[in-house]
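Computed from a prediction, not measured in an experiment: that's the story for all the values here.
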Amino acid sequence: MRFPTVQEQLDIIVGNVVEILSVDELEQKLLQSLKTSRPLKIKLGADPSRPDLHLGHSVVLRKLREFQDLGHEAILIIGDFTAMIGDPSGKSKTRPQLSAEEARQNGESYFEQASKILDPEKTTICYNSDWLGFMKFADVIRLSSHYTVARMLERDDFEKRYRAQEPISIHEFLYPLAQGMDSVHLKNDVELGGTDQKFNLLVGRDLQREYGITPQVCITMPLLVGTGGGEKMSKSLGNAICFNDSPADMYGKMLSIPDTLIETYCRLLVPPADKKGIEILSKRIEEPRTAKRALAKKIVALYYSNSEAADAETHFDQIFIHKKAPDHIELIEFEEQSLPMIDLLTILGAAVSKSEARRMIQQKSVLVDDRKIEEITECIELEIEPKIIRVGKRKFFKVATKKTF
RNA sequence: GGGUAGGUAGCGAAGUGGUUAAACGCAACAGACUGUAAAUCUGUCGACUAUGUCUUCGGAGGUUCGAAUCCUCCCCUACCCA
């Protein structure tokens with residue numbers, strides 16, 4: 001196969017990126033790689049404490065895939081060691097510490113999900129505990145001596161917290177350094193990350209230089225806004241569309257994004273090859289609904305298949321347009337023949353507490369076979385013939401009794 | 001080590017002895033209108049054996065008929081001094 005020229009490669013790499021530090025260096029590296037027939041090492045860090053990948057992750061993963069397709073080497077680093085620190089980027093909450101085993105498992109799950117975008121055959125996966133775990137305290141001291149407090153405080157996040165007189169723990173300073181050590185260890189040529197990773201990426205660059213390695217090129221990708229339209233997509237904010245969401249969920253969540261996001265989503269989430277029809281639609285502002293449906297269908301197809309995407313759409317129409325229950329709901333059987341509605345709702349998990357179940361009924365959002373439950377004291381009579389329970393717009397349950405009397 | 005200011009529900013933030021399960025804002029949830037869009041309106045938003053009861057205001061004790069509010073000790077955070 002013919003390797004693409006530097007310019008051809010650059011044209012692809014530049015797509016959707018926010019910043020490349022620096023383009024000149026990247027060009028040099030690409031040139032060098034062509035001359036020596038040595039692929040570039042492209043690094044992407046993965047946080048195993050959050051193994052649920054969502055469309056936000058896909059932005060940067062797609063970029064990594066593009067590098068793979070250009071013949072470069074993708075290295076996925078599972079930050080099992082750094083997870084013990086918890087990246088202080090953005091919202092800083094102490095994360096639960098992972099055991100080594102959990103970290104491995106999550107790492108594998110991450111890789112498996114990422115394989116929906118990456119070429120798994122051509123992806124190198126490694127765990128940073130393999131080198132960070134063996135550093136001695138003396139090594140850490142040496143490492144920390146390369147950086148100053150003032151430089152650390154330059155980081156936007158630290159600076160804000162510092163000014164707001166919020167706590168910053170010493171170990172948080174170690175996070176960028178640890179991540180930087182990954183780059184020193186790997187001697188990678190490029191590191192990819194979201195814009196929130198810029199500082200960390202730059203530390204990696206500095207440290208490589210300190211350790212006598214050609215510094216990596218840092219490429220930042222935009223952060224995807226969540227389905228709510230405000231904050232960045234994040235599982236914990238509940239505004240994420242996950243790789244593992246069912247096709248129906250994925251489709252539904254896609255339709256719930258604000259119209260203003262259609263174009264952005266289309267640009268960042270759909271690979272250029274698949275973009276055509278949707279792109280045109282997304283520009284037709286008078287038809288946002290059509291565009292959104294096409295986009296939603298495409299997204300589902302990307303993570304599942306065309307037929308599953310079509311099913312998701314049918315399913316959606318049935319529930320939300322025709323307001324009917326879905327065809328397939330898992331049947332839940334009970335020993336009892338009669339149960340108070342409130343109890344049933346909590347058992348089914350439709351409500352977290354009985355108080356909440358009560359509220360659901362009071363707010364007239366509970367239907368049994370299309371009949372509205374009016375009284376909180378009401379009991380449901382379970383029969384062999386299953387009954388459909390609907391709570392709110394999107395929760396459906398099918399219940400019956402096991403016993404024949 | 002000394003001093004100052006703080007710690008209130010998912011978050012932000014009022015409240016400084018008595019209708020306070022705790023104002024208000026955001027988020028969330030439900031309903032109306034829709035296109036599971038936005039905007040808007042309404043309601044909900046600790047739990048339970050439920051027109052009442054129980055548990056919450058960093059933690060543990062104490063004062064009081066009554067404490068998020070007063071006292072003591074402890075823990076945590078920021079800032080200043082060393």
**Prompt:** Is there a side-chain polar atom (N or O) of A/S355 under 4.0 Å from OP1 or OP2 of B/rC48?
**Reply:** yes

**Asked** If pairing requires Watson-Crick or G-U wobble contacts with both distances under 3.5 Å, which nucleotide is the partner of B/rC73?
**Response** B/rG59

**Request:** Give one of base, sugar-phosphate or nothing for A/I257, where a contact means two heavy atoms less than 4.0 Å apart.
**Result:** sugar-phosphate

**Asked** How long is the line joining NZ of A/K292 and P of B/rA37, in whole Å?
**Response** 7 Å

**Request:** Fit a plane to each ring of A/Y303 and A/F243, take the angle between them on a 0 to 90° scale, and name the class: parallel (under 30°), tilted (30 to 60°) or perpendicular (over 60°).
**Result:** tilted

**Prompt:** Between A/T260 and B/rA38, does any side-chain N or O lie under 4.0 Å from OP1 or OP2?
**Reply:** no

**Item:** Interatomic distance where CZ belongs to A/R390 and C1' belongs to B/rG31 [whole Å]
**Value:** 13 Å

**Message:** If I take atom CZ in residue A/R161 and atom C1' in nucleotide B/rU77, what distance separates them, rounded to the nearest angstrom?
**Reply:** 12 Å

**Pairwise P distance, B/rC33 and B/rU16 [rounded to whole Å]** = 44 Å

**Request:** Please work out if A/G392 contacts a base, only the sugar-phosphate, or nothing of the nucleic acid, heavy-atom cut-off 4.0 Å.
**Result:** sugar-phosphate

**Request:** Could you tell me whether A/R161 sits above the aromatic face of A/F158, with NZ or CZ closer than 6.0 angstrom to the six-membered ring centre and within 45 degrees of the axis?
**Result:** no

**No-H, no-angle donor-acceptor pair, A/R358 side chain to B/rA50 base, under 3.5 Å** = yes

**Request:** May I have the distance from A/Y162 (atom OH) to B/rC80 (atom P), rounded to whole angstrom?
**Result:** 6 Å

**Request:** Could you work out the separation of B/rC26 and B/rC76 based on their C1' atoms and round it to a whole Å?
**Result:** 26 Å

**Message:** So, OP1 or OP2 of B/rA47: does either fall under 4.0 Å of a side-chain N or O from A/R359?
**Reply:** yes

**Prompt:** Across all strands shown, which nucleotide pairs with B/rG46 by Watson-Crick or G-U wobble geometry, both distances under 3.5 Å?
**Reply:** B/rC54

**Asked** Atom CG of A/L367 to atom P of B/rA30: distance rounded to whole Å?
**Response** 13 Å

**Prompt:** Do the side-chain N and O atoms of A/Q7 and A/D11 include a donor-acceptor pair separated by under 3.5 angstrom?
**Reply:** yes

**Asked** Cation-pi between A/R104 and A/Y127: NZ/CZ under 6.0 Å from ring centre and within 45° of the ring axis?
**Response** yes

**Request:** State the pairing partner of B/rC26; accept Watson-Crick or G-U wobble contacts with both distances under 3.5 Å, and report none otherwise.
**Result:** B/rG10

**Prompt:** Hey, are A/S22 and A/D24 close enough side-chain-wise for a donor-acceptor pair under 3.5 Å?
**Reply:** no

**Request:** Can you tell me the distance, in whole Å, between the CD atom of A/Q318 and the P atom of B/rG35?
**Result:** 18 Å

**Prompt:** Taking atom P in both B/rU55 and B/rC48, what distance in whole Å separates the two?
**Reply:** 15 Å

**Request:** Provide, to the nearest angstrom, the distance between the NZ atom belonging to A/K364 and the C1' atom belonging to B/rG31.
**Result:** 10 Å

**Prompt:** Taking the C1' atom of each, how far is B/rA37 from B/rG52, in whole Å?
**Reply:** 44 Å

**Prompt:** How about A/F320 and A/F316: are their ring centroids closer than 6.0 Å?
**Reply:** yes

**Complete:** By nearest-heavy-atom nucleotide on RNA chain B, the more 5' of A/E356 and A/V391 is A/V391

**Item:** Rounded distance in Å between the C1' positions of B/rG18 and B/rA50
**Value:** 25 Å

**Asked** If we take the P atom in both B/rA32 and B/rA22, what is their distance in whole Å?
**Response** 28 Å

**Item:** Integer angstrom distance from the P of B/rA9 to that of B/rA14
**Value:** 13 Å

**Asked** Judged by modelled atom types alone, do A/N188 and A/Q216 share a side-chain donor-acceptor pair under 3.5 Å?
**Response** yes

**Request:** Indicate, yes or no, whether a donor-acceptor pair under 3.5 Å links the base of B/rG31 to the side chain of A/Q363.
**Result:** no

**Prompt:** What interatomic distance, in whole Å, is found between C1' of B/rA5 and the corresponding atom of B/rA23?
**Reply:** 24 Å

**Request:** May I ask which nucleotide in the shown strands pairs with B/rU19, Watson-Crick or G-U wobble, both distances under 3.5 Å?
**Result:** none

**Prompt:** For A/K354 and A/P258, take the nucleotide of RNA chain B holding the closest heavy atom to each; which residue's nucleotide lies nearer the 5' end?
**Reply:** A/P258

**Request:** Could you please name the option among B/rA78, B/rA47, B/rA30 that lies closest to any side-chain atom of A/S365?
**Result:** B/rA30

**Complete:** pair_partner(B/rG1), Watson-Crick or wobble, both distances < 3.5 Å, evaluates to B/rC81

**Item:** Whole-Å distance separating the CG atom of A/L237 from the C1' atom of B/rC26
**Value:** 13 Å

